[in-house]
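Everything below concerns the one structure shown next.
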Amino acid sequence: MATLTLNYDARNRAARSIVEMLRNADFFTIVETPKRKSGIELAYEDVAAGRVHHAKDGADLIRQCLAN
């Protein structure tokens with residue numbers, strides 16, 4: 001199987017119709033690029049996974065960093 005990457009202008013009606021024609025063909029497989037997560041989404045995942053640290057002030061933060 002060969003892989004072909006297409007870059008096209010999604011606002012172009014002819015390009016969209018060709019891509020739609022390829023999607024409907026049984027012998028082509030369309031692999032969409034996954035959407036990149038924003039920084040806030042990544043931060044929420046860190047909080048949910050417990051990958052956050054707390055310090056009461058700057059001195060406490062430096063002490064924690066140097067302890068590791």
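Please read these numbers as outputs of a predicted model, since none were measured by experiment. Just so you know, these numbers use all the heavy atoms, side chains as well, and skip hydrogens, waters and symmetry mates.
- Under the rule for a side-chain hydrogen bond (donor to acceptor under 3.5 Å, both in side chains), the partners of D60 that lie at least two apart in sequence or sit in another chain are R63, Q64.
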Would you give me the side-chain donor-acceptor pairs under 3.5 Å for residues 18-30, sequence neighbours excluded?
from, atom 1, to, atom 2, distance (Å)
R23, NH1, E32, OE2, 2.8
R23, NH2, E32, OE2, 2.9
N24, ND2, E20, O, 3.2

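- Atom-to-atom distance recorded for I40:CD1 and E45:CD is 11.5 Å, nearest 0.5 angstrom.
- To the nearest 0.5 Å, atoms NE2 (H53) and CG (L61) are separated by 10.5 Å.
- When all heavy atoms of R16 and R11 are compared, the closest pair comes out as NH1-O, 3.4 Å.
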| request: Any chance you could lay out the side-chain contact (heavy atoms from CB on, under 4.5 Å) test for E41 and R36, step after step, and finish with the verdict? | output: CA-CA 10 Å; E41 291 171 327; R36 291 182 48 142; over 6 Å; no
